[in-house]
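Note that the structure is a prediction, hence the values are computed from the model and not measured.
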2 protein chains.
Amino acid sequence: MVGARSILPIMKQATIYSIAQALEVSASTVSRAFSRPDLVKPEVRERVLATARELGYAPNRAARGLATGRTGLYGLLVPDVTNPFFPPLIRAIQQAAARVDAGVLLVDSEGSGAAETALVSRIKAQVDGLLVASPRLATAKLKEALGAVPSVIINRAAQGLATVVCDNTAALREAATHLHDLGHRRFALMRGPSASWAAGRRAHAIRSWAQEAGVSLAELGHYEAVFVDGRRAAAQIVESGATAVFAFDDLMAAGVIAGLSDLGETVPRDRSIIGCDDVLLARTMTPGLTTVTAPLEELGRQSVLALHGLLEQRPVPNVQLQGTLTVRGTTGPPP
Amino acid sequence: MVGARSILPIMKQATIYSIAQALEVSASTVSRAFSRPDLVKPEVRERVLATARELGYAPNRAARGLATGRTGLYGLLVPDVTNPFFPPLIRAIQQAAARVDAGVLLVDSEGSGAAETALVSRIKAQVDGLLVASPRLATAKLKEALGAVPSVIINRAAQGLATVVCDNTAALREAATHLHDLGHRRFALMRGPSASWAAGRRAHAIRSWAQEAGVSLAELGHYEAVFVDGRRAAAQIVESGATAVFAFDDLMAAGVIAGLSDLGETVPRDRSIIGCDDVLLARTMTPGLTTVTAPLEELGRQSVLALHGLLEQRPVPNVQLQGTLTVRGTTGPPP
DNA sequence: TTGAAAGCGCTAACAA
DNA sequence: TTGTTAGCGCTTTCAA
């Protein structure tokens, strides 16, 4: 029979000491049973773990953090949670982080570079490392804000920082060829935000393809990566005379399609549209959007792996993943 | 001149002690300058704050947490980050939390009640309180898992727990009347997940309206709240003969519309569809989806306020917000 | 393989 | 208004 530890019904949260006392071992042993299990005799370890469970013990993260200097938290900074590109990424990151026993502290910068600076300095003290997705901030400023915090930049190349990016060049060229084969000769490109690294890359890919293929390319924008901007741009598309249009991303593509519909046009009958990223929206539209699918799961997994590596002082290579073309219903032969 | 503290270029992170030493005051004074500014002479406080800035001091959250028992973190548990209902909510919560100086630890249960139990126990030790959005778990089990952690349940009524919900009854009745006025007499209801509290409420609202109005109502489902389930259900809609259909949510509504399109129908020409929540998708579809708009911003704000209140031992009332009807392009007169 | 003891950086009585 | 003094719960030498 275990002696009554307390008459009160309110039992304080168990600590390594309560376990140590109950088992008549030292607190160090209990601590080791959790953090360095290999250092404690299997038999003892079992008993510790058992009573820990009984007492509902959970290690106090703050105490551990104070002792080790680690918080067990990864900060995740995104420019806009409501942009459908990010939720699948967030989910993948959250899962991967859980696998290395880290929590995810989520912060939204609302698309503002200035806010990024402020947020980074606000949270860098409470996390072990930072995952920065699609930063708006110039690389130099970003580096300055990050200081010495181990960080991984997602979706942007940045000299001197660990990065995980998705390269859509090949898929975009494939898409262009697909349209060309269908008979299109007049192309338009709706450029994304000028501060977006991905926007520049995508524009470059399409521009150089057009040049090689010797077809005309009207460059429109820059636009914000939102639905309404795409919608408003429809008139310019019509004016450009292009029959095949590359939107910066799916949101914008959906906007253009809506805008064209406002003008009495139907896609793909009157014009073909291609998006980028393959967000939920692209699959739920009718017809489905032809787009370049980003490996978001893998992007998230790799970012966490990279950050984890950084924290273990391992050298981490920059990783580059490939987007793939997904043909759905918004591309067809020109009218 | 300040004496050299270190020859090494690597300066350790400043603590209250480094500041105290530099200013020749006690560490308590420095501590107070931050946590209880009113208790320290303005003049001294200024000097503390100034050198803190100079030294790049940021309080160590873990240490503070250990001393106070507070982590400064709110846990946010959602069933599916990629469901477009949640991102705007997450953003609102994150912002509101920042305003009370709390961070948001995000966790995704992937729609599994079992996972909810596990996740709650995994994170309840590292947060000050929990925000649980649209739990799948039965209320009793949920309460058991939550134990004594201060918690606010979002989007579900739960006896004995603080809750913040959105009531769509009035808006749904208004929508039904709108359709009835348009001439519809045969209605269908696509029920959502059986474990979803909101699904039950919505079904009830429409069912009782139909009864009162004396119109026929075909009840279909339960379906999962995803696009593909809606799409697959299109055939049943056609079979039911209903000309006006209430989908459980926007995702499902979008699915139905795609499914009907597969069957050669057009909305709203052949049938009228109404969604619920007004997620991004509803605005970007062509035509736009008639739906019930949820005040997500406010929902998020109120949840954080409630949790904050709970943590300050204030009594917090349950809050109930109202959805509002937003008529767009998917409703019209019956054929 | 285990225990004793110091310390991580901060807060909060209590005293002055 | 400020300083002194204990911890908060855990990890981690160092010794045994």
Side-chain angles (χ1 to χ4, degrees), chain A residues 5 11-49 51-52 55-73 101-103 124-128 311-312, chain B residues 5 11-49 51-52 55-73 101 124-128 311-312:
Chain A
R5 260 182 305 281
M11 219 202 293
K12 296 204 56 177
Q13 174 60 38
T15 69
I16 50 172
Y17 293 103
S18 21
I19 299 177
Q21 197 176 5
L23 258 50
E24 304 194 306
V25 298
S26 79
S28 325
T29 301
V30 178
S31 170
R32 288 193 195 103
F34 288 99
S35 38
R36 311 288 316 272
D38 47 306
L39 292 187
V40 48
K41 188 158 46 162
E43 183 191 317
V44 180
R45 192 199 312 147
E46 287 315 318
R47 291 174 50 217
V48 170
L49 264 31
T51 50
L55 268 47
Y57 167 79
N60 179 320
R61 294 292 196 132
R64 177 177 290 181
L66 186 53
T68 60
R70 288 276 181 104
T71 63
L73 253 35
D101 203 36
K124 71 177 167 187
Q126 37 183 330
V127 298
D128 292 339
L311 291 171
E312 311 237 286
Chain B
R5 261 181 306 279
M11 221 199 297
K12 297 202 60 177
Q13 174 60 37
T15 70
I16 49 171
Y17 293 104
S18 21
I19 299 177
Q21 199 178 0
L23 258 48
E24 304 196 305
V25 297
S26 81
S28 329
T29 301
V30 178
S31 171
R32 286 191 197 104
F34 287 100
S35 38
R36 312 287 317 271
D38 47 306
L39 291 187
V40 47
K41 185 156 50 163
E43 181 192 317
V44 179
R45 191 200 311 148
E46 287 316 319
R47 289 172 53 215
V48 170
L49 265 33
T51 50
L55 270 46
Y57 168 79
N60 180 321
R61 295 289 197 134
R64 176 179 291 179
L66 186 52
T68 61
R70 289 276 180 101
T71 63
L73 253 33
D101 204 35
K124 72 176 166 187
Q126 38 184 328
V127 299
D128 292 338
L311 291 172
E312 312 237 286

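Residue-to-nucleotide contacts include no donor-acceptor pair under 3.5 Å from the side chain of B/Ser28 to the base of C/dT11.
The nearest whole Å value for the distance from the CZ atom in B/Arg47 to the C1' atom in D/dT2 is 13 Å. Summarising the geometry, the separation between CD on B/Glu24 and P on D/dT2 is reported as 15 Å, rounded to the nearest angstrom. One atom, CD1 of A/Ile16, and another, C1' of D/dT11, lie 8 Å apart when rounded to the nearest Å. Between A/Leu39 atom CG and D/dT13 atom P the separation is 11 Å, expressed in whole Å. When the P atom of D/dG9 is taken as reference, atom CD of B/Gln126 falls 17 Å away, rounded to whole Å. A/Arg36 places its CZ atom 14 Å from the P atom of C/dT2, with the value rounded to the nearest Å. Computed from coordinates, the A/Asp38 CG to C/dT1 P distance equals 9 Å when rounded to whole Å. Atoms CG (A/Leu66) and P (C/dG9) sit 7 Å apart, rounded to a whole Å.
Taking side-chain N and O atoms only, B/Thr29 has a distance below 4.0 Å to OP1 or OP2 of D/dG3. Here A/Ser26 does not reach the OP1 or OP2 of C/dA4: none of its side-chain N or O atoms lies under 4.0 Å away. Between B/Ser31 and C/dT11 there is a side-chain polar atom (N or O) within less than 4.0 angstrom of OP1 or OP2. Between A/Tyr57 and D/dC10 there is a side-chain N or O to OP1 or OP2 distance below 4.0 Å.
Note that the NZ atom of A/Lys41 and the CZ atom of A/Arg47 stand 9.5 Å from one another [nearest 0.5 Å]. Rounding to the nearest 0.5 angstrom, the gap separating the OH atom in B/Tyr57 from the OG1 atom in B/Thr51 is 11.0 Å. A distance of 11.5 Å separates CZ of B/Arg70 from CG of B/Asp101, quoted to the nearest 0.5 Å.
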Legend entry - Audit row: B/Val48, B/Ile19, side-chain contact (heavy atoms from CB on, under 4.5 Å) steps and yes/no: CA-CA 7 Å; B/Val48 170; B/Ile19 299 177; 4.2 Å; yes

Inset, instruction - Give the intermediate values and the outcome of side-chain hydrogen bond (donor to acceptor under 3.5 Å, both in side chains) for residues B/Ser28 and B/Ser31. - result: CA-CA 5 Å; B/Ser28 329; B/Ser31 171; over 6 Å; no

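Across all strands, B/Thr15 comes closer than 4.0 Å only to sugar-phosphate atoms, never to a base (heavy-atom distances). Base engagement by A/Arg32 is indicated by at least one non-hydrogen atom pair under 4.0 Å involving a base atom. Among the heavy atoms of the strands lying under 4.0 Å from A/Tyr17 is at least one base atom, whether or not backbone atoms are also near.
Ion pairing of B/Asp128 with B/Arg61 is absent here, as no side-chain N (NZ or NE/NH1/NH2) approaches a carboxylate O to less than 4.0 Å.
Applying the side chain to side chain contact (heavy atoms under 4.5 Å, CB included) criterion to B/Ala67, with sequence neighbours excluded, gives no partner residue.
An end-to-end axis angle of 30° holds for the helix from C/dT1-D/dA16 to C/dA16-D/dT1, taken from five base pairs per end and rounded to 10°.
Across C/dT2, C/dC10, D/dC10, the shortest atom-to-atom separation from the side chain of A/Val40 is found for C/dT2.
Of the two residues contacting DNA chain C, namely A/Val25 and B/Arg64, the nearest-nucleotide position lying further toward the 5' end is that of A/Val25. Where B/Val44 and B/Ala67 meet DNA chain D, the nucleotide closest to each residue was compared, and B/Val44 sits on the side nearer the 5' end.
Screening A/Thr29, A/Val30, A/Val25 against A/Val40 for a side chain to side chain contact (heavy atoms under 4.5 Å, CB included) leaves a single residue, A/Thr29.
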